[in-house]
Amino acid sequence: MISTTLLSKEKEIYSVTGEERIGVIPIMDNEAVEKAISKAKEAQPQWAEIELYKRAEILHDWADQLLKNQTNIAEVISKEVGKGYDAAKKEVTRTADLIRYVAEEGCRMHGELMKGDSFKGGKATKLAMVDQAPLGVILAISPFNYPVNLAASKIAPALISGNAVVFKPASQGALSGLLMVKALLQTDIPQEAVQTVTGKGSEIGDLLVTHPDIDMITFTGSSATGQAISQKAKMKPVVLELGGKDPAIVLEDADLSLAAEQIVSGAFSYSGQRCTAIKRVLADQQIADELVGKIKEQVEQLSVGLPEENATITPLINTQAADYVEELIEDALEKGATPVLNHTRKDNLISPAVLDHVTIDMRIAWEEPFGPVLPILHFKEEGEMIKIANQSEYGLQASIFTKDVQKALFMGSKLNVGSVQLNAKTERGPDHFPFIGAKSSGLGSQGIRRSIESMTRDKLFVLNL
Ligand code: NAP
Ligand code: G3H
């Protein structure tokens with residue numbers, strides 16, 4: 001019955017459990033993608049001419065529309081990407097808050113005035129006014145795991161600074177993304193200024209990222225895709241937020257109850273499908289066993305089930321993802337890791353796995369599972385923890401658990417990561433903080449002000465009085 005209504009240029013989207021057909025997205029061909037880019041390019045100057053305060057009002061309206069449709073959008077997020085319903089609702093609220101902050105921040109970016117005579121030999125009669133000009137058309141490519149929030153965190157800064165947008169959502173996540181754009185199009189925004197293109201990234205991606213009318217690319221997703229995009233983009237500015245292997249470093253003097261609670265929440269919320277999830281624990285051997293005991297107690301309390309039941313551990317995004325997680329667990333067990341809990345798998349639902357005594361010859365010590373598995377490594381001394389933390393190809397964030405702030409600052413300064421969290425889990429928010437990935441974890445910086453800056457360039461007017 002389904003296939004009779006399906007057009008050849010459409011893709012059916014099923015819930016992560018595979019049980020419900022929740023919608024259909026267009027599979028756009030090159031011609032349709034070209035058309036979308038050219039409409040965005042044409043609309044951009046008109047959008048940039050609208051007064052800044054009016055653009056801000058439109059963004060506030062967008063936030064209102066999202067909240068008005070929160071229940072519906074959350075239901076779709078929850079089914080489409082398998083996020084607990086309450087967490088999906090929070091994603092919508094967080095996004096509305098982010099959009100409002102973008103609107104306000106954009107209105108407060110007043111440029112800079114520079115005096116000519118502050119440079120030796122310069123004249124006071126020369127004044128530079130530094131304004132921020134939009135780049136043109138921004139290509140926003142988002143991942144599946146925050147289909148609304150990680151899309152709006154690109155679209156809103158692009159719009160407030162006068163850019164048009166071509167938005168490419170993840171295919172599994174596109175229904176949620178389309179609902180978010182629908183809310184935006186219910187405002188007074190010129191309808192052509194935001195174009196959504198759907199279809200497989202591997203098929204339309206090259207056309208998008210190499211297109212001469214795309215002026216900047218902002219991408220969140222895997223390191224492999226991000227690296228390929230950055231190579232193809234050549235001279236286009238690119239901001240990349242990619243994978244992670246965030247360590248939680250637990251020192252001998254740490255508050256172990258706090259550390260365990262933060263580690264478990266950091267590692268397992270949304271089944272570990274977060275770039276900032278804690279993906280390895282590097283524990284001082286003096287406290288490692290006690291820490292593992294506390295982690296075990298916490299993990300045993302996690303709910304495992306369906307997104308609509310608000311479970312923490314839900315089915316992973318697809319079978320390939322679940323197979324990969326299993327493969328990493330099997331590899332570690334074969335090489336001698338100790339299972340702290342007996343994990344089970346039913347279809348794509350994997351119960352939380354904690355692996356103790358993980359060693360550096362195991363793949364789980366280095367690879368990003370993007371699933372509910374936490375490896376624990378034991379160390380005799382802090383220098384070795386820093387060395388192993390830095391040997392990762394990733395450098396998103398790290399947590400350090402200790403009562404010794406001085407030591408945490410010293411160790412943090414040695415870690416090659418974008419952010420260091422002291423006595424708390426790794427995470428992106430609050431969303432106005434800069435969000436940075438080092439090494440294979442990214443390029444450039446996001447966070448509201450940084451994102452706006454990345455989508456504008458300095459434009460100088462020199463007054464010769
Ligand atoms: P992904 O497979 O790289 O996909 C991300 C986006 O890129 C999707 O929209 C995808 O479209 C598109 N894409 C795929 N191939 C492309 C190509 N050749 N050219 C242009 N676009 C292309 O990543 P994911 O599986 O959605 O997300 C999981 C990964 O993202 C993890 O590694 C995670 O750590 C990382 N992530 C990082 C952050 C961060 O902020 N650092 C945040 C979230 C996720 P299709 O869906 O159509 O393939
Ligand atoms: O998955 C990557 C997101 O940027 C993580 O955001 O730390 O708020 O979950 P989060």
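This chain uses plain numbering: 1 for the first residue, then up along the sequence. Indexing begins at 1, ligand by ligand and atom by atom, following the structure's order.
Nearest protein neighbour of atom 34 (O) of ligand 1, counting heavy atoms only, is Glu368 OE2, 2.6 Å. With hydrogens left out, the protein atom closest to atom 5 (C) of ligand 2 is Thr276 OG1, 3.3 Å, a heavy atom.
For a threshold of 3.5 Å applied to N or O pairs, the pair formed by Lys279 and ligand 1 contains no separation below that value. Residue Ser171 has at least one nitrogen or oxygen atom sitting less than 3.5 Å from a nitrogen or oxygen atom of ligand 1, judged on distance alone. Considering backbone and side-chain atoms alike, Ser223 places every N or O at 3.5 Å or more from each N or O of ligand 1. At under 3.5 Å, not a single nitrogen or oxygen of Thr426, backbone or side chain, sits near a nitrogen or oxygen of ligand 2. Residue Gln273 has no N or O atom closer than 3.5 Å to an N or O atom of ligand 2. Considering backbone and side-chain atoms together, Leu396 places no N or O closer than 3.5 Å to any N or O of ligand 1. Ligand 1 has a nitrogen or oxygen under 3.5 angstrom from a nitrogen or oxygen of Ser222. Considering backbone and side-chain N/O of Ala170, one or more are found under 3.5 Å from N/O of ligand 1. For ligand 2, the polar-atom distance check against Glu427 finds no nitrogen or oxygen pair separated by under 3.5 Å.
A 6.0 Å sphere centred on CZ of Arg450 holds no more than 12 heavy atoms belonging to other residues, nucleotides or ligands.
With salt bridges taken as basic N to acidic carboxylate O contacts below 4.0 Å, none links Lys245 and Glu368.
Near Asn145, the atoms of ligand 2 lying under 4.0 angstrom from a non-hydrogen atom of the residue are 1 (O), 2 (C). Of all the atoms in ligand 2, the ones that sit under 4.0 Å from a non-hydrogen atom of Arg94 are 8 (O). Heavy-atom contacts of Phe370 reach the following atoms of ligand 1: 28 (C), 31 (C), 33 (C), 34 (O) (cutoff under 4.0 Å). Using a 4.0 Å cut-off to heavy atoms of Pro169, the atoms of ligand 1 that qualify are 9 (O).
Residues Ser161 and Thr456 come closest through the heavy atom pair CB-CG2, 3.4 Å.
Within a 4.0 Å radius of atom 4 (O) of ligand 1, the protein contributes no heavy atom.
Which of Val81, Ile141, Ile229, Leu139 comes nearest to atom 12 (C) of ligand 1 through a heavy atom is settled by distance: it is Ile141. By heavy-atom distance, the residue among Ala277, Gly429, Cys275 lying nearest atom 3 (C) of ligand 2 is Cys275.
Interatomic distance, Leu396 CG to Arg274 CZ, rounded to the nearest 0.5 Å: 10.0 Å. Distance check, rounded to the nearest 0.5 Å: CD of Gln421 to CD of Gln262 gives 9.0 Å.
Note on ligand 1: Phe435 sits in its first shell, one or more heavy atoms being nearer than 4.0 Å.
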